[in-house]
Amino acid sequence: MFMIGLVKLELKKIFSKKDIMIISSILILSPLVFGICMVNRIAGLNFNGQITVDAYGIMIWSFLKYLFVLYLMPIYLVCCFVGKEIESRSINIMLSNYDRKKVFAAKMTTYLITITIFFVLFHIVSMLTFSGLIHNTEFALAGSGNTLTKNFFLYLFQWLELLFVAIISYLLCCAIKGNAVLVLGIGVIILQKIVVNIEGVRRFLPFYISDFNYYSMIPDGVLMNTNIISCIIYTIIIMATFCIALKMWSRKDF
């Protein structure tokens, strides 16, 4: 019951914070803005070729990912509700009433819920934008570009990457103070993008596993095995990061 109460408290704080809601809303509505610009050929946007309904949302997601804009939501979210609370020492009020591990679990559960809501709304807006604006234009390609299994794993890897970034940000908040977490959080993503050029390492990196360009090049004959192996690797990476963050949280002097 204490856990549920803490989660409700954290969710209330998140949904009452205007800047978080503004950033999330802008990102969620970006497929609509992109669709309007694409159909009307405005803002210097010239799109060549055709695209399916499922590929549209994935394309916008990948575009925002490569601009690093997509990572702002989980990083800033954690900075606001962990980093600032630690820096101002207001976290001590919560820790004086609840066990440290319960507070950690409640915050991570809250981020899991928030990220999932954000992810689902983003792709719903993408599908509605395609159906309402792009479906009857020369940019639309009938049918689905990928199989149900392929889409499931691609969406799963994208969602896991958001969770990974949130946990990394949590870990950094436990290690350092202030806005440096924002810089270092983006720095972790940039580092992955650099290291991803190393052939023997790339498939173990969350940035690469959830990348649409990499995923689209996997032969259908080995796709399922690759999906399972990548999912196991990703889960291990996330669990290891989670355990390190929990250990640092448990030992941190607030």
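By convention here, the first residue in the shown sequence is residue 1.
The side-chain hydrogen bond (donor to acceptor under 3.5 Å, both in side chains) test applied to Ser25 returns no partner, not counting sequence neighbours. For Phe118, the ring-ring contact (aromatic ring centres under 6.0 Å, His included) criterion is met by no residue, not counting sequence neighbours. The ring-ring contact (aromatic ring centres under 6.0 Å, His included) check on Phe122 picks up Trp61, with sequence neighbours excluded. For Lys17, the side-chain hydrogen bond (donor to acceptor under 3.5 Å, both in side chains) test picks out no residue, with sequence neighbours left out.
To the nearest 0.5 Å, atoms SG (Cys174) and CD1 (Ile86) are separated by 5.0 Å. The CD1 atom of Ile244 sits 8.0 Å away from the CD1 atom of Ile168 when rounded to the nearest 0.5 Å. Here CG of Leu162 is found 9.0 Å from OG1 of Thr116. Values are rounded to the nearest 0.5 Å. Atom CD1 of Ile26 sits about 8.5 Å away from atom CG of Leu29, to the nearest 0.5 Å. Taken to the nearest 0.5 Å, the OG1 atom of Thr114 stands 5.5 Å off from the CG atom of Leu77. To the nearest 0.5 Å, the span separating CE on Met108 from CD1 on Ile113 amounts to 11.5 Å.
Of the residues Trp249, Phe81, Phe242, the one that meets the side-chain contact (heavy atoms from CB on, under 4.5 Å) test with Tyr170 is Trp249.
Between the side chain of Tyr155 and the backbone N or O of His123 there is no donor-acceptor pair closer than 3.5 Å. Listed for the Tyr98 side chain is no donor-acceptor partner under 3.5 Å among the backbone atoms of Leu6. Judged by distance alone, with hydrogens and angles left aside, the side-chain atoms of Ser30 form a donor-acceptor pair with the main-chain N or O of Leu27 at under 3.5 Å.
Within the 4.5 Å cutoff, side-chain heavy atoms of Leu9 are placed close to those of Met94. In this structure, Gln158 and Lys65 have side chains that are not in contact, with every pair of non-hydrogen atoms separated by 4.5 Å or more.
Pairing each heavy atom of Thr129 with each of Gly35, the nearest pair is CG2-CA, 4.1 Å. Listed here is the closest heavy atom pair of Tyr76 and Ile23: CD2-CD1, 3.7 Å. Scanning both residues, Ala166 and Val78, for their nearest heavy atoms gives O-CG2, 3.6 Å. Nearest approach of Cys173 to Lys252, heavy atoms of both residues: O-CE, 4.4 Å. Closest non-hydrogen pair, Ile75 versus Ser169, comes out as CG1-OG, 3.4 Å. Contact record, Met21 with Ile14: CE-O, 3.7 Å, taken as the closest heavy-atom pair.
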Check the pair Met127, Tyr56 against side-chain contact (heavy atoms from CB on, under 4.5 Å), reporting the backbone distance first and the verdict last.
CA-CA 8 Å; Met127 292 177 183; Tyr56 178 71; over 6 Å; no
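With hydrophobic clusters built from ILVMFWY side chains whose heavy atoms lie under 4.5 angstrom apart, Met239 does not share a cluster with Phe104. With hydrophobic clusters built from ILVMFWY side chains whose heavy atoms lie under 4.5 angstrom apart, Ile232 shares a cluster with Ile237. Taken together through direct or relayed side-chain contacts under 4.5 Å among Ile, Leu, Val, Met, Phe, Trp and Tyr, Val33 and Ile134 form parts of separate hydrophobic clusters.
Its side chain within the 4.5 Å cluster rule, Val120 clusters with Ile124, Leu128 among the Ile, Leu, Val, Met, Phe, Trp and Tyr residues. Residue Ile93 is found outside any hydrophobic cluster, as its side-chain heavy atoms come under 4.5 Å of no other Ile, Leu, Val, Met, Phe, Trp or Tyr.
Atom CZ of Phe119 has more than 12 heavy atoms from other residues, nucleotides or ligands within 6.0 Å.
Taking 4.0 Å as the cut-off between side-chain N and carboxylate O, Glu10 and Lys13 count as a salt-bridged pair.
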